[in-house]
Amino acid sequence: AQSVTQLDSQVPVFEEAPVELRCNYSSSVSVYLFWYVQYPNQGLQLLLKYLSGSTLVKGINGFEAEFNKSQTSFHLRKPSVHISDTAEYFCAVRDVGGGGNKLTFGTGTQLKVEL
Amino acid sequence: DTAVSQTPKYLVTQMGNDKSIKCEQNLGHDTMYWYKQDSKKFLKIMFSYNNKELIINETVPNRFSPKSPDKAHLNLHINSLELGDSAVYFCASSQEPGTVYNSPLHFGNGTRLTVT
């Protein structure tokens, strides 16, 4: 069984500052990794995904994440945040070749960007 | 607009009632899901249907029954509602997992269910 840990429930940051949202996972098999963003009163949207190949993946809105197999991490970063980035961010994992398309989500990190 | 749409957006009801949430997607996807997001924002899959066939059924009370009349619709019926059922329920869809395992999920905007 997989699990995802997002240690930071809230991350406050000033506008134009860099940010890193941490994600660690646990799985006995190879995995695919995802970051989703949820704006208030909306559903989740895919930010980026790691499937294979380059460990640094770039997503929408200037976000990127790096897959580190040895540390079982997939941290999300943005060099300069904007007020509009204020949202809940979810890391998710699924087994490669697993049945269905069953994602296991972390508990989310609330990113609050302040002026 | 192409999207996953679910109705109603808000649902307030009393304990013991039966209610349904409807979901439709016009993205041409073969697979649809129901997720439950609790008050702490934890998201957990409940069901998944592929071409009207149930493929994922997590440990969910029998009071919850999904129904998929066609591959573009997946409705969720809940019998004998309990206080603990209060949550935001999200419908989602993706391409058939058998051929595209990395297909991302497309979520609806959620239905906030409040049981009083």
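In the text below, chain A, chain B and the rest are named by the order of the sequence lines, each starting its count at 1.
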Is chain A contacted by the side chain of [X], its backbone, both, or neither, given a heavy-atom distance below 4.5 Å?
X       : result
B:Gln6  : neither
B:Lys9  : side chain
B:Lys40 : backbone

If you group Ile, Leu, Val, Met, Phe, Trp and Tyr by side-chain heavy-atom gaps below 4.5 Å, do [X] and [Y] land in one group?
X       : Y        : value
A:Tyr39 : A:Ile83  : yes
B:Ile21 : B:Val115 : yes
A:Phe14 : A:Val113 : no
B:Phe47 : B:Val88  : no
A:Phe74 : A:Phe63  : yes

Do other residues, nucleotides or ligands put more than 12 heavy atoms under 6.0 Å from the [atom1] atom of [X]?
X       : atom1 : answer
B:Glu58 : CD    : yes
A:Arg77 : CZ    : yes
B:Asn62 : CG    : no

| said: Testing B:Phe42, B:Phe90, B:Tyr35 one by one against A:Phe105 for a ring-ring contact (aromatic ring centres under 6.0 Å, His included), which residue passes? | reply: B:Tyr35
| task | Report the distance from atom CG of A:Leu44 to atom CG of B:Leu43, rounding to the nearest 0.5 Å. | result | 5.5 Å
| field | Atom pair CZ/CG of B:Phe107 and A:Leu46 - distance to nearest 0.5 Å | value | 9.5 Å
| remark: Nearest heavy-atom approach of A:Gly43 to B:Asn109 is N-OD1, 3.4 Å
| task | Answer yes or no: is there a side-chain heavy-atom contact under 4.5 Å between B:Leu105 and A:Tyr36? | result | yes
Tell me, side chain or backbone of [X] under 4.5 Å from chain B's heavy atoms, or both, or neither?
X       : answer
A:Gln38 : side chain
A:Phe90 : side chain
A:Glu88 : side chain

